[in-house]
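See below for the structure under consideration.
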Amino acid sequence: MSTLFSENPLFSEVRSDFIDHRRFTSAEFARLEMERLWTSTWHWACREEELPRVGDYLVYDIGDQSVVLVHSSEDVIEAFHNVCPHRGRRLLSGTGQVNKFHCIFHAWQWDLHGNNTRILDQEQWQGCANMSREDMAMARIHVGRWAGFVFINMSVEPEPFEEFIKPAPQDLNVLRMDLMRLNWRKIINVKCNWKVAQEAFMESYHVWGTHPQFLQLNDDVNISYAAGKHGKHRWIYELPPGSPSRRLGKEPLGLDEVRENFAKLQLAFADQLGLGNGDGQFTARSLRAAHEAISVLPKGTSMMEAMTVAGIAMKEAADRDGAYFPLIPPEHLATMGHDWNIFPNLGVVWGADGTLIFRARPDPEDPCNPNVCVLEMISLLHFGNDNGKGKQPPLGEVDDVVDDWKNQRERIPKLLLQDLINMEEVQRGMHSVGLKGLRPNPVQEVQISNFHRVINEYLFA
Ligand code: FES
Ligand SMILES: [Fe+2]
């Protein structure tokens, strides 16, 4: 066996420049993740807007575990294992509205707080141990909430959510994602490990190779950090937006050319990362407004002024729709990170008045198969108020199950399709006997090595 491989049969070796690829291909490793990671860590389950009214519930499946989340009383969301304590039937599926939980097998019932309210013929258990109404409550799961995201943790005594989520709120609260709402969500079965899919959004080192259409419009060199259990990376900002990639080795562009590129960049975001009218990472509303405002600036206008004008135009367009628009102080913008991964699988690739969200999970139909996952690509937006033109679509119209993505490419934003194509090819490559381990970039892919280090904390601590 190669000396590069860890002697540990569970493939635990992780360095900033080395990751054992069998972590992505081993069924044993996948089983270990199911037993020790998903049932122990905080992780994102749903958005608050998916449970708008008291009585709304949804079922969230993670591998072979199933969880019911319910809006149980005013501004309270509770979570329970989706299983009946009588004979183990799953209680619910999908989404819906209830005023109590009811098991259709033998008709036991619970209120929305999981308290048992009916055991049919209860007197027949008289004298049996651990058969009180309290014992037969639904099994509770811890809930944490941040920025409109509802997290769960199945461990009995989890670390405090406020500690887990640090330092993400400090950097990202400026976006007011709590006010954003679901715009579209693509649910895609992908033939790759969940970590391969998640990692596609944990670095921008791949832009040069995978997304060359952006190289004329933006410098793609970036830097990556660990951020607690999470990770982030950001552009370096040595060149103003609109500058071509420094790797192209071009003579520096003139001021007016950079500004024209900056205007084009707005349209490229709508074209490459949006759907339909262009809503995706940003609202099409703000991208159009920025493009128009930059395009009419006189020759010689500085990039600093162009960026200020673009920000004001976006904010004014949002104001006209009654929508929120975050004004981010430049010193905060410089360090907050553009692409985040909240451990383990909440990818946040934010725009300004929108964000893309990426979540890959083991396939609930085949939870310990390391070669398959369910990937969700999501757009959240700051919609207008009821009088605004950009009202949120009904929740029922948000989801799009893309069951054959290779033949349904038009349903996926162009740039994300390029990422998707990589994923299955990476998974195939990981099985090669010629591969001696993965060699992440120790500067631009720190997020990924940190991600694996944190996974190890759960698997091997
Ligand atoms: S399994 Fe639920 S009531 Fe019997
Ligand atoms: Fe990408």
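Please read all numbers here as calculations on a predicted model, not as lab measurements. Numbering of ligands and ligand atoms starts at 1, following listing order.
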Please find the N/O/S atom of H86 nearest to atom 4 (Fe) of ligand 1 and write down its name. ND1
Side chain D279, main chain T283, donor-acceptor under 3.5 Å: no
More than 12 foreign heavy atoms under 6.0 Å from CD of Q170: is that the case here? no
Where ligand 1 meets C103 - atom numbers and elements under 4.0 angstrom, heavy-atom basis: 1 (S), 2 (Fe), 3 (S)
Using 30° and 60° as the class boundaries, would you call the ring planes of W108 and W110 parallel, tilted or perpendicular? tilted
May I ask you to list the atoms of ligand 1 that are less than 4.0 angstrom from any heavy atom of W108? 3 (S)
Of all N, O or S atoms in H106, identify the one at the shortest distance from atom 4 (Fe) of ligand 1. ND1
Cation over ring, R359 on W44, under 6.0 Å and within 45°? yes
Could you tell me the separation between the NE2 atom of H142 and the CD1 atom of I152, rounded to the nearest 0.5 Å? 11.0 Å
Here the vertex angle at the Fe ion (ligand 2) for NE2 of H206 and NE2 of H211, given to 10°, is 100°
Looking at D419, which of its N, O or S atoms is the nearest one to the Fe ion (ligand 2)? OD1
Distance under 6.0 Å and angle within 45° of ring axis: R439 vs F18: no
Identify, by atom number and element, the atoms of ligand 1 in contact range of R87, meaning under 4.0 Å from any of its heavy atoms. 1 (S)
